[in-house]
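Numbers restart at 1 for each chain; the letters A, B, ... are given by sequence-line order, proteins then strands. This one's a predicted model, so the numbers in the text were calculated from it and none came from an experiment. Worth knowing before you read on, the calculation uses all heavy atoms, side chains too, and leaves out hydrogens, waters and symmetry mates.
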Number of protein chains: 2
Amino acid sequence: MATMRDIAKLSKVSVSTVSRVLSGKGRVSAEKRNEIINLANQFHYVPNYHAKCMTKKGVITVGLVVPDISNPFFSKLTMGIESELKDSALLILMNSFRDIEREKKLSLLLRDNGAKGIIMGNSHVEDDFVFEISKYIPVVVFDKEYNLPNISTIKLDNIYGAYLATNHLIEIGCSNIIHFGGFDDLDVSIQRKEGYKKAIRKGMQPYVVPTGYDERSGYEKAKKVLSSKKFDGAFCMNDLVAIGVLKAAKEMGIRVSQDLKIIGFDDTELCEVVTPTLSSIHQPIEEMGRAAARALLKMIEGEESSRSYLFSPSLIVRGSTLPKRGDKDAKEEVG
Amino acid sequence: MATMRDIAKLSKVSVSTVSRVLSGKGRVSAEKRNEIINLANQFHYVPNYHAKCMTKKGVITVGLVVPDISNPFFSKLTMGIESELKDSALLILMNSFRDIEREKKLSLLLRDNGAKGIIMGNSHVEDDFVFEISKYIPVVVFDKEYNLPNISTIKLDNIYGAYLATNHLIEIGCSNIIHFGGFDDLDVSIQRKEGYKKAIRKGMQPYVVPTGYDERSGYEKAKKVLSSKKFDGAFCMNDLVAIGVLKAAKEMGIRVSQDLKIIGFDDTELCEVVTPTLSSIHQPIEEMGRAAARALLKMIEGEESSRSYLFSPSLIVRGSTLPKRGDKDAKEEVG
DNA sequence: TATAATAGAGCAAACGTTTGCTCACAGAGG
DNA sequence: CCTCTGTGAGCAAACGTTTGCTCTATTATA
């Protein structure tokens, strides 16, 4: 790698002159200027980024750690973050592959590699770890409140969202509503369950089936549970689970929307693609990503030491929860 | 930000001693060692990354520019790249938001910010630009062959894949096959069209409808074209388009799989989720990502100046192309 | 007790830039 | 002929580390 010194030697000038030519500051005779530029091109001179950062401040970099970028939620989130960061910071993306140890390692790696801040997407790590990191660089987390300097929080009102979903089922006539919900390992699932229970009216029986977070899990649980008891509504903790349930129901001859109304959570693209289309609770994911980026930037710049943002979900009604008679949902299954 | 000098002053030792304590090399008395460590903790000392890079070589960083990370193809690809890079390099992700100017800007930004190599995911930029970048740092591109040092290529055999798809339709009895294909703006779409035409037998009539790359586009074109002419098979240039076509067909009362057999390309998760499930051409995306990362690393390390990898697609048969009256979600993989 | 070995600590150069300061020299103005 | 001004160029410090070398005590060895 050619350095300024090399160029300087070859053109028999001082390093400062080379620097001034290449950065376009200061006055240099046309003659030397040309020679230097030619040499630089010829040797594909690329200024050493780190050396530059020693004297100027370079573009700041921030890290984002997600469990799985191929999950639409996180890729949407990433889009939001990126779009807000635009030119004010470089985003370093890291996948933890849902491995908590790896997540910790990555966060440390980021911190030690010059990241000026970290966004931890839906982290499973212990509070202490987050706290530890935040002593060195600012952190943005999701769905958890720390009330500590250097840690900002982006939250969705999950309780309200779950309430919205369940209440919607009730309003369109369901009286026997099952909840396919996550285990209690994540705040999200705890909160969504809570919202579900809140919506259940007197005289109704809450019925919760602990479920994982993916389609297969929803499918398997539904296969077991839908055969034995009779439900007319199902609130699923996310769209993937809902799609699993939907598949199972179809296979079992249960007519979705007529016999069983299903609603998911997250409002992913998948909702539009299944048959019938899936009602869901919409999160303003990209908004949330942008807020996360803004919060981080503010902390990095020292303008704000911490802040909490709460976002409200909204109900999106689609084919899977059409009211009783309105059988207009003609997209019935083929064959 | 506290520096080593600060710590050194406070503990009345030299900078070297601080350095030795903090890096754990060299011998320092337990007494000073403790004092220094305490001070460092107290002031949340974080070593300056760039200064470190001046004397040691830091973790190398490589850039990845994609048009849209929320597209499953690119997030899968990212997963593959990340998984191969693991600890040998940091991945900087950049979204061009399908803006070609932004893509160029980002690539330059990456190069000037210390990235040791760039992977350009499905780039639209001019050859000259790629060439220009490659003079400074190695580049990996997709689907284009440059045969130039410092540029490696990852390719999918699109022609073969399209052939596979079309041929499958023919083998299960279609004789009037339409192709919903991309405009000629991308090599991918040109090649897939070529494969389609190759498969069409004598006596059959090729019929190509220029289409965009998303669901809406497929939907709209299908609405127009399926009403006028009669087709019994549709090969779509990707899954999104196929899903658009599938929706349109259903809405128009055309029974998918019975009246019209549809096959997509890319084998995204969407295929499993629609009804009927969608046959598609599978690309080993993660594999390709890993290969891209490996190729880049090799170039960075100077072991290889350039290399081209060709990957073979495979046919995945699902509900949308069942021969006659098929079992529901039968999924079989063929060569 | 003399000598060698070793532990503990500091000096200073190096990494590749940027930039304030200085300096030489030319032409202009008096 | 002398001073002033402006231009082109170099010197050297600074950025925050790492590390080879040096130096001084201290301890072990003979």
Report yes if the side chains of B:Ser75 and A:Ile69 come closer than 4.5 Å at any heavy-atom pair, otherwise no.
yes
Proximal nucleotide (of C:dA9, C:dT18, C:dG16) relative to the A:Thr3 side chain:
C:dG16
Gap between atoms NZ and C1', on A:Lys12 and D:dG8 respectively (whole Å):
19 Å
Could you state the atom-to-atom distance from CZ of B:Arg33 to C1' of C:dG8 in whole Å?
11 Å
Is the shortest side-chain heavy-atom distance between A:Phe131 and A:Glu126 below 4.5 Å?
no
Going by heavy atoms in the side chains, are A:Met79 and A:Glu82 under 4.5 Å from each other?
no
What nucleotide among D:dT17, C:dC15, C:dG10 has an atom nearest to a side-chain atom of B:Val13?
C:dG10
Distance in angstrom units between B:Lys32 NZ and C:dG8 C1', rounded
8 Å
Tell me which residues in residues 18-31 of chain B lie within less than 4.0 Å of DNA chain C, going by non-hydrogen atoms.
B:Arg20, B:Arg27, B:Val28, B:Ser29
Protein-nucleotide distance (B:Met54, atom CE; D:dC15, atom C1'), rounded to Å
9 Å
With no hydrogens and no angle check, just 3.5 Å: does a side-chain donor-acceptor pair link A:Thr17 and A:Ser14?
yes
Counting only side-chain nitrogens and oxygens, does B:Lys52 get under 4.0 Å of the OP1 or OP2 atom of C:dC15?
no
With sugar-phosphate meaning primed atoms plus P, OP1 and OP2, does B:Tyr45 contact a base, only sugar-phosphate, or nothing at under 4.0 Å between heavy atoms?
sugar-phosphate
Looking only at non-hydrogen atoms, find the nearest pair between A:Glu103 and A:Val65 and report the distance.
CG-CG1, 3.8 Å
Distance, rounded to the nearest Å, where A:Arg5 contributes CZ and C:dT18 contributes C1':
13 Å
At how many degrees, to 10°, do the end axes of the helix from C:dT1-D:dA30 to C:dG30-D:dC1 meet when each uses five pairs?
60°
Between B:Lys32 and B:Glu35, does any side-chain N to carboxylate O distance fall below 4.0 Å?
no
Side-chain H-bond candidate by donor/acceptor type, B:Ser308 with B:Glu145, under 3.5 Å:
yes
Kindly point out which of C:dG16, D:dC11, C:dT18 is positioned nearest to the side chain of A:Ser14?
D:dC11
To the nearest Å, give me how far apart CG (B:Asn48) and C1' (D:dT18) are.
13 Å
B:Lys9 has an atom NZ; how far is it from atom P of D:dG16, in whole Å?
11 Å
In whole angstroms, the gap separating P of C:dT17 from CE of A:Met1 amounts to 11 Å
With side chain to side chain contact (heavy atoms under 4.5 Å, CB included) as the test, pick out the partner of B:Pro138 among B:Ile118, B:Asn150, B:Ile119, B:Val62.
B:Asn150
Contact check, side chains of B:Met288 and B:Lys155, non-hydrogen atoms, under 4.5 Å:
no
Is B:Ser16 close enough to C:dG10 that one of its side-chain N or O atoms is under 4.0 Å from OP1 or OP2 there?
no
